[in-house]
Protein chains: 2
Amino acid sequence: MAYLERELGTQFGGRNSPGAGAGVADPKAYASFASFGGKTSKYDGHSVIYFEGDAARRLYELSSGTVMLFKLLPDGRRQVVEVLRPGDIFGFSAADEYDCTAETLISSEIHELDLRLVDGSAELQRKLTKCLTNQMKVLHEHAVLLGRKSAVERVASFLMYLVPGRGGTECVGPADETNDGFDIELHMTRQEIADYLGLTIETVSRVVSDLKRRGIIRVDRADRIHLHKVCSLCQMTGFH
Amino acid sequence: MAYLERELGTQFGGRNSPGAGAGVADPKAYASFASFGGKTSKYDGHSVIYFEGDAARRLYELSSGTVMLFKLLPDGRRQVVEVLRPGDIFGFSAADEYDCTAETLISSEIHELDLRLVDGSAELQRKLTKCLTNQMKVLHEHAVLLGRKSAVERVASFLMYLVPGRGGTECVGPADETNDGFDIELHMTRQEIADYLGLTIETVSRVVSDLKRRGIIRVDRADRIHLHKVCSLCQMTGFH
DNA sequence: TTAGTCCTATGATCTATATCAAGAAATTCG
DNA sequence: CGAATTTCTTGATATAGATCATAGGACTAA
């Protein structure tokens with residue numbers, strides 16, 4: 001299933017540089033979603049695309065921006081289950097209702113396609129399998145994070161996800177030993193990060209402050225962070 | 001995507017009765033895996049089918065028994081990321097290596113298929129999409145459990161998963177008000193349950209003892225539990 | 001500019017669950 | 001069968017992270 005690796009929306013841990021819009025704007029994409037019809041819409045930040053429980057009628061592909069999928073418990077506890085990047089597909093449903101709420105984190109362009117079109121195209125099926133398989137892998141890693149990692153390891157892993165080609169088990173190490181810094185944009189509030197990492201907002205804030213105090217990161221704006229030394233952050237993810 | 005609901009390996013929370021071997025032994029199955037070739041093998045309990053990092057060459061369908069997928073951190077922490085039931089497919093890989101280790105929990109029959117066959121068949125593609133979508137939904141619910149539920153809620157949710165057609169958000173309530181009991185077989189040791197629920201073995205043991213003391217369950221054997229009143233257990237899952 | 005709102009940070013305290021430490025049941029094996 | 005091994009249970013204690021409380025910053029609108 002090596003073909004699954006090519007121009008796939010890489011979400012986290014992938015090799016494409018962020019914002020490259022993998023496979024979307026690219027006309028020679030393996031199976032561009034837009035070529036199957038449907039329409040593209042623009043959403044503001046923090047707009048709900050659909051609610052958990054809504055009738056599942058459409059499939060969506062994120063063209064640009066960031067989207068999160070989350071679930072709520074009746075008492076208000078929230079778990080963000082996926083954070084999606086350009087090229088990712090969402091809106092799959094095993095039943096006839098969406099199992100999560102989908103909401104943009106920042107202003108985003110999203111292409112939508114009627115679900116009935118999916119049955120017809122083998123090409124589209126293949127693209128779906130590819131995307132689902134990749135998301136599955138990300139969910140597996142996230143289960144390890146939620147079930148077995150400490151607060152520091154969770155935050156370190158989260159930050160490392162945003163560094164293309166680094167972190168995870170297959171980290172290649174710094175390209176340039178003398179300059180292993182990197183700038184990342186979180187696109188998420190502390191509350192959203194907390195709900196993604198299974199922590200409280202206070203714990204996320206404290207861990208970030210601690211990393212700052214220890215000289216691992218510099219916080220330029222709440223959601224704009226410079227990693228001074230990617231490798232030392234990577235050592236804190238639990239993967240090493 | 002309503003078609004996804006039909007005779008699918010339901011893992012947890014589905015409607016089929018357990019052991020019905022949904023879609024496997026059934027010759028008129030939507031797209032039976034065996035009809036695409038490959039072979040069926042018998043595995044003892046606690047046998048490894050493949051290791052995380054092995055080259056991904058085959059796709060597997062569980063015909064009978066139970067299989068778990070897990071990941072290890074270098075220091076030995078383990079997270080069981082999926083528990084599979086008959087009809088479920090595993091061995092998908094987004095890269096060219098398996099991202100989890102697959103191990104039987106009890107003696108099991110497993111059908112294997114060369115990955116190269118997958119590209120060819122649209123029918124098989126559809127079956128895969130269906131199965132992946134369902135597993136994705138289960139992973140989403142599990143992320144909520146791992147990220148946001150208390151120890152009691154986790155164990156209660158785990159036990160409820162093993163009661164077909166009950167638990168979850170869409171619980172139908174007892175068929176017979178006067179007799180809401182049910183017998184379940186865990187097929188897992190306390191350690192495996194702990195690693196699935198993101199807890200320690202001691203915490204799992206204590207919660208089970210507590211449910212026993214409170215008259216919610218009766219423990220016939222360590223892995224054979226009678227639920228006296230399914231509804232009251234369901235009230236403890238966090239879903240209500 | 002000033003008030004209003006929302007988000008973030010940080011201190012003090014609490015508590016659920018982990019960890020450490022034995023025993024008690026099961027299960028396996030000679 | 002009885003010994004050995006593994007799994008499970010239970011108690012005592014420690015601690016990571018939650019909760020509670022408050023203040024500081026940053027952005028928005030008038």
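So you know, we letter chains A, B, ... as the sequences are listed, proteins then strands, and number each from 1. Since this is a predicted model, take the numbers as computed values, not measurements.
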**OP:** Look at all strands and tell whether B/T200 reaches a base, only sugar-phosphate, or nothing, counting heavy atoms closer than 4.0 Å.
**Re:** base

Original post:
Are the side chain of A/R148 and the backbone N or O of B/R78 linked by a donor-acceptor pair below 3.5 Å?
Top reply: yes

Original post:
Hey, which of these two, A/T189 or A/R148, hits DNA chain C nearer its 5' end, going by closest nucleotide?
Top reply: A/T189

Original post:
Does B/S209 make a side-chain N or O approach to OP1 or OP2 of D/dT10 shorter than 4.0 Å?
Top reply: yes

**OP:** Classify the side chain of B/E202 versus the base of C/dC20 as yes if they form a donor-acceptor pair under 3.5 Å and no if they do not.
**Re:** yes

**OP:** Rounded to the nearest angstrom, tell me the gap between atom CG in A/L146 and atom P in C/dT17.
**Re:** 15 Å

**OP:** Quick one: label B/S205 by what it contacts on the DNA or RNA (base, sugar-phosphate, nothing), any heavy atom closer than 4.0 Å.
**Re:** base

Original post:
Closest nucleotide of DNA chain D for A/R221 versus for A/G198: which of these residues is on the 5' side?
Top reply: A/G198

Original post:
Within the distance-only criterion (no hydrogens, no angle test), does the side chain of A/T101 pair as donor or acceptor with the backbone N or O of A/E52 below 3.5 angstrom?
Top reply: yes

Subject >> Nucleotide nearest A/R206 when distance is taken to its side chain, options C/dA9, C/dA12, D/dC8 >> reply: C/dA12

Original post:
How close or far is atom P of C/dT10 from atom CD1 of A/I201, stated in whole angstroms?
Top reply: 13 Å

Original post:
Only one of B/L211, B/L186, B/D220 clears side chain to side chain contact (heavy atoms under 4.5 Å, CB included) with B/I225; which?
Top reply: B/L186

**OP:** Report yes if a side-chain nitrogen or oxygen of A/T203 is closer than 4.0 Å to either non-bridging phosphate oxygen (OP1 or OP2) of D/dG17; otherwise report no.
**Re:** no

Original post:
Parallel, tilted or perpendicular: which describes the rings of A/Y60 and A/F90, with under 30° parallel and over 60° perpendicular?
Top reply: parallel

